[in-house]
Visitor: 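This structure is in structure tokens; I'll ask about it shortly.
Values below: all heavy atoms of this structure, side chains included; hydrogens, waters and symmetry mates excluded.
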Amino acid sequence: MSIETVSKNKSFGGVQGVYKHRSSATGTDMTFAVYVPEHAPGAKLPVLWYLSGLTCTHANVMEKGEYRRACAERGVIFVAPDTSPRGDDVPDDEGYDFGKGAGFYVDATQEPWAKHFRMRSYIEQELPELIAAQFPADMARQGITGHSMGGHGALTIALRNPGRFKSTSAFAPIVSPLNCPWGEKALGGYIGADRSAWREYDACALIEDGAHLPDLLVDQGTADNFLDEQLKTHLLDEACRQADMPATIRMQEGYDHSYFFISTFMAEHIAWHAERL
């Protein structure tokens with residue numbers, strides 16, 4: 001499990017690094033960012049995963065997310081993977097919402113996507129093993145969060161892996177790909193026409209089918225131009241209520257879908273995770 005260091009910068013006493021490795025899951029080189037707070041020698045720190053949204057890489061949250069001060073104060077490692085495989089041999093699509101930058105955290109079964117688009121396996125299996133081997137990470141104390149498509153990823157990964165994550169949150173997540181254009185395009189293209197196979201990639205469907213989280217925090221801006229057609233936060237609220245699953249879903253007045261919104265509430269999310277980790 002060798003990794004190449006792309007860059008390292010000191011920040012708030014800790015180290016913000018960017019790393020590259022050859023992924024067996026995607027068959028490509030993958031780049032990810034990790035912030036490790038200052039800590040005592042030999043100490044193991046809790047880990048917070050952040051999954052990014054459509055068109056993003058690790059760099060978006062690293063440059064705009066304003067998480068390092070809060071992670072340094074709380075002693076939390078912050079891991080930010082890429083959203084999809086990259087490279088000249090990786091198939092792509094003309095649309096921003098499919099192909100490179102839009103892996104949707106699924107394991108594709110349809111051609112030409114099946115060979116490389118295995119972000120579920122990468123995030124659920126391969127990258128955690130690498131993080132455990134290369135960083136001072138206490139993998140018994142993991143939380144997960146994400147934005148938009150990454151919020152969808154965080155919710156579904158946590159719901160499919162009961163007990164792995166002690167805390168789950170999301171910023172403006174796609175809560176039900178079964179019921180929005182982004183989801184129909186991505187899951188139809190990557191997984192195929194059988195909509196029953198999509199349910200394991202739909203947070204609301206997973207909750208309806210019996211998956212459960214001990215707690216959940218979601219922030220959603222009321223001025224988000226994707227809210228009504230793509231995100232449909234009310235469907236998650238309804239699913240949690242019907243399943244009697246604890247959830248704090250906050251509608252934040254006037255906030256949009258951008259990193260201005262995410263950075264505003266990032267420290268609150270990190271504090272919320274730290275309390276549970």
Visitor: side-chain hydrogen bond (donor to acceptor under 3.5 Å, both in side chains) with S167: which of E275, R276, H273, H269?
Guide: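 Option passing the side-chain hydrogen bond (donor to acceptor under 3.5 Å, both in side chains) with S167: H273.
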Visitor: What class does the angle between the rings of Y122 and H21 fall in, given that below 30° is parallel, 30 to 60° is tilted and above 60° is perpendicular?
Guide: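 Y122 and H21: parallel rings.
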Visitor: Using 30° and 60° as the class limits, which term best fits the ring planes of Y259 and Y50: parallel, tilted or perpendicular?
Guide: tilted
Visitor: State plainly whether the residues D82 and R86 are in salt-bridge range, i.e. N to O under 4.0 Å.
Guide: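 A salt bridge is present here (some side-chain N lies under 4.0 Å from a carboxylate O).
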Visitor: Any ion pair linking R160 and E124 (charged N to carboxylate O, less than 4.0 Å)?
Guide: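 Salt bridge between E124 and R160, a charged N being under 4.0 Å from a carboxylate O: yes.
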Visitor: Using a strict threshold of under 4.0 Å (side-chain N to carboxylate O), is an ion pair present between E268 and R250?
Guide: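 The answer is yes: the pair qualifies as a salt bridge.
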Visitor: Taking distance alone, no hydrogens or angles, what donor-acceptor pairs closer than 3.5 Å link side-chain atoms of residues 201-212 to residues at least two apart or in another chain?
Guide:
residue: Y201; atom: OH; partner: D107; partner atom: N; Å: 3.2
residue: Y201; atom: OH; partner: R120; partner atom: NH1; Å: 3.4
residue: D202; atom: OD1; partner: S176; partner atom: OG; Å: 3.4
residue: D202; atom: OD1; partner: C204; partner atom: N; Å: 3.0
residue: D202; atom: OD1; partner: A205; partner atom: N; Å: 2.9
residue: D202; atom: OD2; partner: S176; partner atom: OG; Å: 2.8
residue: D202; atom: OD2; partner: L178; partner atom: N; Å: 2.9
residue: E208; atom: OE1; partner: R199; partner atom: NH2; Å: 3.4
residue: D209; atom: OD1; partner: R199; partner atom: NH2; Å: 3.0
residue: D209; atom: OD2; partner: R199; partner atom: NE; Å: 2.9

Visitor: Do M119 and P85 touch side chain to side chain, with heavy atoms closer than 4.5 Å?
Guide: yes
Visitor: Going through the distances and angles, do I3 and F135 end up as a side chain to side chain contact (heavy atoms under 4.5 Å, CB included)?
Guide: CA-CA 11 Å; I3 61 173; F135 298 91; 4.1 Å; yes
Visitor: Can you tell me if T26 uses its side chain to pair, donor with acceptor, with the backbone of T28 under 3.5 Å?
Guide: yes
Visitor: Show your working on side chain to side chain contact (heavy atoms under 4.5 Å, CB included) between I77 and L48 and close with a plain yes or no.
Guide: CA-CA 6 Å; I77 293 174; L48 178 59; over 6 Å; no
Visitor: Do the ring planes of F261 and Y255 sit parallel (below 30°), tilted (30 to 60°) or perpendicular (above 60°)?
Guide: tilted
Visitor: Suppose we screen for ring pair (Phe, Tyr, Trp, His ring centres under 6.0 Å). Which residues come up paired with F226, at least two apart in sequence or across chains?
Guide: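 F226 satisfies ring pair (Phe, Tyr, Trp, His ring centres under 6.0 Å) with W182, H257 once adjacent residues are dropped.
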Visitor: Look at the side chain of S11 and the backbone N and O of G14, then say whether any donor-acceptor pair between them is shorter than 3.5 Å.
Guide: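 Looks like no, no N/O pair under 3.5 Å.
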Visitor: CD of Q230 to CG of D97: how many Å apart, nearest 0.5 Å?
Guide: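 With rounding to 0.5 Å, CD (Q230) is 8.0 Å from CG (D97).
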Visitor: Assign the ring pair F98 / W113 to parallel, tilted or perpendicular, where the plane angle (0 to 90°) is split at 30° and 60°.
Guide: perpendicular
Visitor: Nearest 0.5 Å please: distance from the CD atom of E126 over to the OG atom of S24.
Guide: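 So the CD of E126 and the OG of S24 are separated by 3.5 Å.
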Visitor: Do we see a donor-acceptor contact under 3.5 Å between the side chains of Q252 and D219?
Guide: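 Yes, D219 and Q252 have a side-chain donor paired with an acceptor closer than 3.5 Å.
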Visitor: Do K100 side-chain atoms and G87 backbone N/O form a donor-acceptor pair below 3.5 Å?
Guide: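 Between the backbone of G87 and the side chain of K100 there is a qualifying donor-acceptor contact (under 3.5 Å).
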